[in-house]
Amino acid sequence: MKLGWMGIAPVCIAAVMVAGMAHAAGNNPVEEKWWPSEFGKNDEAGATNYITPEKRLEAAKLVKTGRVATLGMPYHNTTPLFPGRVLSMTIPGAGGPTHNLSWKGEGFRQTFMDEIMTANIGQVGTQFDSLGHPMIMIRGKAGWKDGNYLYNGVRLEDVGTPYGLKRNGTEKVGSFFTRGILIDMVALKGKRLPIGYPITMDDFKAALAAQGIEDAKKGDVVLFRTGWNDLWRNNHKLPTTTAQANNTKFNAGGPGISPEVCDHLAKRKIAMLGADNWGIEPYDFTGKGKWPTPFAKVESWAYCHMNLSVRRGIYLFENLDLKQIGEDKAYEFLFSWAPLKLVGATGSP
């Protein structure tokens with residue numbers, strides 16, 4: 001079903017495919033030449049290069065009704081956090097005005113409210129991964145310098161500083177104004193996907209057919225609705241103990257996109273892949289479900305992060321709110337968004 005929609009993530013974010021490139025045996029990053037990217041050895045923008053003026057004009061034609069969906073989850077003090085990350089918002093002055101200024105007339109003053117936010121600004125809640133976030137570490141391999149490698153062969157040890165990255169920072173991303181499509185697994189399966197469920201190519205094709213839309217195209221943004229972040233949707237309205245229990249369940253894993261689907265989307269040269277889970281790929285750290293992946297036994301982490309972002313510059317967007325566009329059956333739409341221009345940052349809210 002095609003609707004005239006304009007889907008917009010909160011205005012407040014990876015890798016480019018090298019033509020003809022195939023994975024080496026074992027998906028080993030030292031056995032294939034994955035840079036320079038097709039956009040040149042100095043490129044830092046990655047897959048937003050696919051969003052050409054012609055692509056933007058095509059996307060604008062998708063708008064028929066002008067209806068808007070904002071795709072960001074609320075940021076609050078009960079947002080689930082990956083271990084080691086922080087999010088805290090407070091009001092200075094115990095909740096009272098932070099500025100108290102003169103105003104003409106007896107009994108009048110002009111006052112203002114401010115807030116203080118302490119957070120991993122790109123890596124909590126609804127989060128965009130720039131090309132400064134995922135890396136592959138290589139140690140003791142002939143012909144390679146030891147180090148942590150980002151998109152386009154940028155080595156962290158050469159560009160990292162305490163005040164931001166000298167290459168691949170979020171300020172280099174640009175913007176997204178392009179065709180978006182929703183792969184609504186909740187609609188396809190009739191319920192939220194279970195923990196650890198891997199979305200297969202059969203699932204992907206079935207959703208396209210059921211929704212009556214074409215496959216992903218070059219420069220598209222592809223979003224997967226699993227229903228997983230419904231677990232913490234209303235946390236800020238619930239007692240703290242209930243919110244904490246929701247977060248424990250949410251952080252224990254989740255359904256996600258399988259390697260075969262990520263490889264397919266890489267070949268289609270999409271601009272960005274997004275989902276309503278916390279990490280794109282499927283996991284079940286409880287080890288009790290049908291698709292267990294106990295934390296200590298994961299052999300290779302984050303396949304899609306490595307093969308989309310690091311190798312090809314295709315961006316990732318996590319913890320999106322896809323409930324409205326799913327329930328409204330808005331399966332094809334104009335996606336418009338830009339990350340904050342955070343110089344040297346690893347992502348953006």
Novice: Please assess T200 against E260 for the test side-chain contact (heavy atoms from CB on, under 4.5 Å), listing each intermediate value before the final yes or no.
Specialist: CA-CA 7 Å; T200 66; E260 63 175 344; 3.3 Å; yes

Novice: Mind running side chain to side chain donor-acceptor pair (under 3.5 Å) on N148 and E157 for me, showing each step along the way?
Specialist: CA-CA 7 Å; N148 297 274; E157 289 73 10; 2.8 Å; yes

Novice: Flag the pair K205 / D215 as yes when at least one side-chain heavy-atom distance between them is below 4.5 Å, and no otherwise.
Specialist: no

Novice: Could you walk me through whether F39 and Y50 pass the ring-ring contact (aromatic ring centres under 6.0 Å, His included) check?
Specialist: CA-CA 10 Å; F39 304 115; Y50 293 137; 5.3 Å; yes

Novice: Would D158 and K145 pass as an ion pair if we require N to O under 4.0 Å?
Specialist: no

Novice: Atom NZ of residue position K249 - does it have more than 12 heavy atoms of other residues, nucleotides or ligands inside 6.0 Å?
Specialist: no

Novice: Without swapping roles, check the side chain of N152 against the backbone of V154 for a donor-acceptor pair under 3.5 Å.
Specialist: no

Novice: Can a side-chain donor-acceptor contact be found between D263 and Y303 if the only test is distance below 3.5 angstrom?
Specialist: yes

Novice: Can a donor-acceptor pair be found, under 3.5 Å and without considering hydrogens, that links the side chain of K33 to the backbone of V30?
Specialist: no

Novice: List the residues meeting side chain to side chain contact (heavy atoms under 4.5 Å, CB included) with T98, not counting sequence neighbours, and say none if there are none.
Specialist: P92, D114

Novice: Using only atom types and a distance under 3.5 Å, with no angle test, would you say the side chain of K55 pairs donor to acceptor with the backbone of K218?
Specialist: yes

Novice: Assess the residue pair R85 and N120 against the criterion (side chain to side chain donor-acceptor pair (under 3.5 Å)); give the C-alpha distance rounded to whole Å, side-chain angles, the decisive distance to 0.1 Å, and a yes or no.
Specialist: CA-CA 6 Å; R85 292 178 180 165; N120 300 77; 5.6 Å; no

Novice: For a quick test of reading the model, state the closest non-hydrogen atom pair linking N168 to S130 and the distance between them.
Specialist: O-OG, 3.9 Å

Novice: So M272 and L316, do their side chains get closer than 4.5 Å, heavy atoms only?
Specialist: no

Novice: Looking at OG of S175 and CD1 of I51, how far apart are the two atoms once the value is rounded to the nearest 0.5 Å?
Specialist: 7.0 Å

Novice: Under a 3.5 Å distance rule, please check whether E58 uses its side chain to pair with a backbone N or O of R56 as donor and acceptor.
Specialist: no

Novice: Output yes when a side-chain donor or acceptor of T48 lies under 3.5 Å from a complementary backbone atom of V173, and no otherwise.
Specialist: yes

Novice: If every non-hydrogen atom of P29 is compared with every non-hydrogen atom of I136, which pair is closest and at what distance?
Specialist: CG-CG1, 3.8 Å

Novice: Report the relative orientation of the aromatic rings in F317 and W337; use parallel for angles under 30°, tilted for 30 to 60°, perpendicular for over 60°.
Specialist: tilted

Novice: Could you check whether F177 and F335 have their ring centres less than 6.0 Å apart?
Specialist: no

Novice: Look at the aromatic rings of W144 and Y149 and report parallel, tilted or perpendicular, splitting at 30° and 60°.
Specialist: perpendicular

Novice: Using a 3.5 Å distance criterion without hydrogens, assess whether the side chain of T170 forms a donor-acceptor pair with backbone atoms of K341.
Specialist: no

Novice: Given the rule in the side chain to side chain donor-acceptor pair (under 3.5 Å) test, do D276 and N319 qualify, once you have shown the distances and angles that lead to the verdict?
Specialist: CA-CA 4 Å; D276 61 357; N319 257 323; over 6 Å; no

Novice: Look only at the side chain of D43 and the backbone of G40, and say whether a donor-acceptor pair between them is shorter than 3.5 Å.
Specialist: no

Novice: Taking R155 for the side chain and D146 for the main chain, is one N or O donor matched with an acceptor at less than 3.5 Å?
Specialist: yes

Novice: Under 4.5 Å between any side-chain heavy atoms of E332 and R179, yes or no?
Specialist: yes

Novice: So, the side chain of N235 versus the backbone of N247: is there a donor-acceptor pair under 3.5 Å, distance only?
Specialist: no

Novice: Minimum heavy-atom separation for L342 to S348, with atom names?
Specialist: CD1-CA, 4.4 Å

Novice: Could you check whether K269 pairs with E38 (Lys NZ or Arg NE/NH1/NH2 to Asp/Glu carboxylate O, under 4.0 Å)?
Specialist: yes

Novice: Look up atom CG in L273 and atom CD in E318, then write down how far apart they are to the nearest 0.5 Å.
Specialist: 9.0 Å

Novice: With salt bridge (Lys or Arg N to Asp or Glu O under 4.0 Å) as the criterion, how do R233 and D230 come out once you've worked through the C-alpha distance, each side chain's angles and the decisive distance to 0.1 Å?
Specialist: CA-CA 5 Å; R233 175 174 301 281; D230 287 342; 2.8 Å; yes

Novice: ring-ring contact (aromatic ring centres under 6.0 Å, His included), that's the test. Do W291 and Y283 meet it? Break it down for me.
Specialist: CA-CA 8 Å; W291 304 274; Y283 295 107; over 10 Å; no

Novice: Taking the inter-plane angle between the rings of F82 and W278 on a 0 to 90° scale, is it parallel (under 30°), tilted (30 to 60°) or perpendicular (over 60°)?
Specialist: tilted

Novice: Between K189 and D203, does the side-chain contact (heavy atoms from CB on, under 4.5 Å) criterion hold? Intermediate values first, please.
Specialist: CA-CA 9 Å; K189 302 293 187 179; D203 290 328; 3.1 Å; yes

Novice: R225 and side-chain contact (heavy atoms from CB on, under 4.5 Å): which partner among I325, N277, D184, L188?
Specialist: D184

Novice: What is the minimum heavy-atom distance between A216 and L265, and which atoms define it?
Specialist: CB-CD2, 3.9 Å

Novice: Output, in order, the C-alpha distance, side-chain angles, deciding distance and verdict of side-chain contact (heavy atoms from CB on, under 4.5 Å) for E214 and I181.
Specialist: CA-CA 9 Å; E214 295 181 48; I181 64 172; over 6 Å; no

Novice: Which pair of heavy atoms, one from E171 and one from V343, lies closest together, and at what distance?
Specialist: OE1-CA, 3.2 Å

Novice: Specify the closest pair of heavy atoms between I257 and C304, including all atoms of both residues, with the distance to one decimal.
Specialist: O-SG, 3.8 Å

Novice: Side chains of L193 and W228, heavy atoms from C-beta outward: is any pair under 4.5 Å?
Specialist: no

Novice: Are any non-hydrogen side-chain atoms of R192 and M185 less than 4.5 angstrom apart?
Specialist: no

Novice: L320 versus L223: any side-chain heavy-atom pair under 4.5 Å?
Specialist: yes

Novice: Find the distance between CG (N77) and OG1 (T79) and round it off to the nearest 0.5 Å.
Specialist: 7.5 Å

Novice: Could you tell me if the ring centre of W34 sits under 6.0 Å from that of Y151?
Specialist: no

Novice: Considering only heavy atoms from C-beta outward, does the side chain of L71 approach that of T126 to under 4.5 Å?
Specialist: no

Novice: Are side-chain heavy atoms of V310 and H305 found at a separation under 4.5 Å?
Specialist: no

Novice: If we ignore hydrogens and angles and just use 3.5 Å, is the side chain of T178 paired with the main-chain N or O of G219 as donor and acceptor?
Specialist: yes

